[in-house]
There are 2 protein chains.
Amino acid sequence: MAIESQELKKVGLKVTLPRVKILQIMETAATEGKHLSAEDVYKALMEVGDDVGLATVYRVLTQFEQANLVTRHNFEGGHSVFELTREDHHDHMVCTETGEVVEFFDEVIEQRQHELAEQHGFEIVDHSMVLYVRRKEKK
Amino acid sequence: MAIESQELKKVGLKVTLPRVKILQIMETAATEGKHLSAEDVYKALMEVGDDVGLATVYRVLTQFEQANLVTRHNFEGGHSVFELTREDHHDHMVCTETGEVVEFFDEVIEQRQHELAEQHGFEIVDHSMVLYVRRKEKK
DNA sequence: TTGAATGCAAATGGTTTGCACTGAC
DNA sequence: GTCAGTGCAAACCATTTGCATTCAA
């Protein structure tokens, strides 16, 4: 049995063709370090000849998100992008010129965030930090 | 002439009733530390008896944003909120239970962000950092 | 068999736009 | 008087949902 099927069962989702296919696509994207929108996933399915409705793509991605298989990001621009959930937390910097996405993690910042929330009597449930950047001119 | 009129002229916008009214509302909200959605502004206008179309509210807020009079934030949840642009940069924490918004600024984090961008060969154009938080249970 | 999953199309909700009318200069 | 600004309704776009059909278990 394919790895995808096992992962689906593990999170309590019935093994169906759309779910397996979409999971495969997300895994492929992950190895390339890419973040896909629902539309991207839909197109990828079309290209491989798999006829899955866009609505199903949204439904499945949402289920995957709830099952913590994928993580949803809301960068500027109105649409969401998804990536396979990884055990290691990380934030993103997005190049405003090329759209390139770089992932990073910084212990100092994470630490400060918790301290700041604490100072205001809160605890952090989640956070998003996106740096919109531009390639520096080489001198 | 009211202060609002001068501000509008300064940024090259013709002085019209909707623009003056909306600017006043944004200023009032600012003194209360509030962030308003287009809908909020629209409702505020209605309450005062000023009949301005929702479309105009969007158009004016967008113009204000381009003129750098107001700043637009895209928190989770699909809709944008606006606040008067301030010279001092700050980030936000949003309570997931009450919607309460707290502004904060932390030099340590700002510093690290620049260092991290630099490490990847980028310079920061802009950034968004939002902490989604929950009031801590008092023990 | 049988309830869950899917496809399709229609609905949604925030935001934008086309166009004729209005108003600021 | 003119052209930018506005109101209204229709259009948009990403996403969600209702419902009849299909399918995994």
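The sequence lines fix the lettering, A, B, ..., with proteins before strands; numbering per chain opens at 1. Since the model is a prediction, treat every value here as computed from it, not as a measurement.
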ask   = When the distance from CG of L13(B) to C1' of dC3(D) is rounded to whole Å, what number comes out?
value = 16 Å
task = Could you work out the complete set of other residues in the hydrophobic cluster of L17(A), with links drawn between I, L, V, M, F, W and Y side chains under 4.5 Å apart?
result = none
message = What is the separation between atom NZ on K21(A) and atom P on dT6(C), rounded to the nearest whole Å?
response = 14 Å
Interatomic distance, Q63(A) CD vs dA4(C) P [rounded to whole Å] = 13 Å
inquiry  = Could you tell me how far apart Y42(B) (OH) and dG13(C) (C1') are, to the nearest whole angstrom?
reply    = 15 Å
note = Between CG of D51(B) and C1' of dG23(C) the distance, given in whole Å, is 16 Å
task = Taking side-chain contact (heavy atoms from CB on, under 4.5 Å) as the test, write out the residues that go with E118(A), two or more places apart.
result = K136(B)
key: Summary of protein contacts for nucleotides 15-25 of chain D, nucleotide by nucleotide, where a base hit scores B, a sugar-phosphate-only hit scores S (4.0 Å, heavy atoms)   = BBBB-----SS
Anything under 3.5 Å between a donor and an acceptor, one on a side chain of residues 37-44 of chain B, the other on a protein residue two or more places apart or in another chain? List them.
from	atom 1	to	atom 2	distance (Å)
S37(B)	OG	E39(B)	N	3.4
S37(B)	OG	D40(B)	N	3.0
S37(B)	OG	D40(B)	OD1	3.4
S37(B)	OG	D40(B)	OD2	3.0
D40(B)	OD2	S37(B)	N	2.9

inquiry  = Check this for me: does any side-chain nitrogen of one of E115(B) and R112(B) sit under 4.0 Å from a carboxylate oxygen of the other?
reply    = yes
task = Check which hydrophobic residues are tied to I109(B) through side-chain heavy-atom contacts below 4.5 Å, counting indirect links as well, and list them.
result = M93(A), V102(A), F104(A), I109(A), L116(A), F122(A), I124(A), M129(A), L131(A), V133(A), M93(B), V102(B), F104(B), L116(B), F122(B), I124(B), M129(B), L131(B), V133(B)
ask   = CZ of R19(B) versus P of dG7(D): gap in Å, rounded?
value = 11 Å
request  = Starting at atom CG of D40(A), determine the distance to atom C1' of dC13(D), rounded to an integer number of angstrom.
outcome  = 15 Å
Between dA14(D) (P) and L36(A) (CG): distance, integer Å = 16 Å
Cut-off 3.5 Å, no hydrogens considered: what does the side-chain donor-acceptor table look like for residues 24-31 of chain A, sequence neighbours left out?
from	atom 1	to	atom 2	distance (Å)
T28(A)	OG1	Q24(A)	O	3.0
T31(A)	OG1	T28(A)	O	2.6

